[in-house]
Amino acid sequence: MSARHKLNAAYLNGSLTIAGIIGGIFESYVVFGITFAVLMIGNIQGGDIRLNPRRTRRK
């Protein structure tokens, strides 16, 4: 498993954990789902989760 896959898994697990805690506080699966979706979109848009490998220029 590459470092990129490990980092993506760590961010996924972190998002699941945070969404689970918030969903548990409100005792709602809907809040869990919305929180998880918002966290994942934020991680993808922020570049923390990389869906495609970076292209590097070779000289």
Side-chain angles (χ1 to χ4, degrees):
M1 184 181 271
S2 69
R4 180 173 54 97
H5 289 104
K6 288 179 183 179
L7 283 172
N8 287 347
Y11 278 107
L12 174 79
N13 289 333
S15 296
L16 279 172
T17 302
I18 292 170
I21 290 169
I22 293 172
I25 289 170
F26 288 99
E27 297 178 0
S28 172
Y29 287 111
V30 174
V31 172
F32 166 78
I34 292 170
T35 304
F36 180 67
V38 168
L39 288 172
M40 288 303 293
I41 290 169
N43 285 332
I44 291 170
Q45 290 295 320
D48 297 326
I49 294 179
R50 296 186 192 134
L51 301 177
N52 297 319
R54 287 187 178 173
R55 305 272 184 213
T56 57
R57 293 184 184 179
R58 293 187 181 180
K59 295 180 181 181

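Along the sequence shown, the residues carry numbers beginning at 1.
- Within the structure, every pair that satisfies the side-chain hydrogen bond (donor to acceptor under 3.5 Å, both in side chains) test and touches residues 14-34, not counting sequence neighbours, is listed here: Ser15-Asn43.
- In terms of hydrophobic clustering, with Ile, Leu, Val, Met, Phe, Trp and Tyr side chains grouped at heavy-atom distances under 4.5 Å, Val38 and Ile41 are assigned to different clusters.
- Residues in residues 2-13 take part in these side-chain hydrogen bond (donor to acceptor under 3.5 Å, both in side chains) pairs, two or more places apart or across chains: Ser2-His5.
- Leu39 and Ile21 fall within the same hydrophobic cluster, defined by Ile, Leu, Val, Met, Phe, Trp and Tyr side-chain heavy atoms under 4.5 Å apart, directly or through other members.
- Hydrophobic clustering of Ile, Leu, Val, Met, Phe, Trp and Tyr side chains at less than 4.5 Å, counting indirect connections, unites Phe32 with Met40.
- Here CG of Leu12 is found 5.0 Å from CZ of Phe36. Values are rounded to the nearest 0.5 Å.
- Listed by first and then second residue, the side-chain hydrogen bond (donor to acceptor under 3.5 Å, both in side chains) pairs that reach into residues 31-40 come to none, sequence neighbours excluded.
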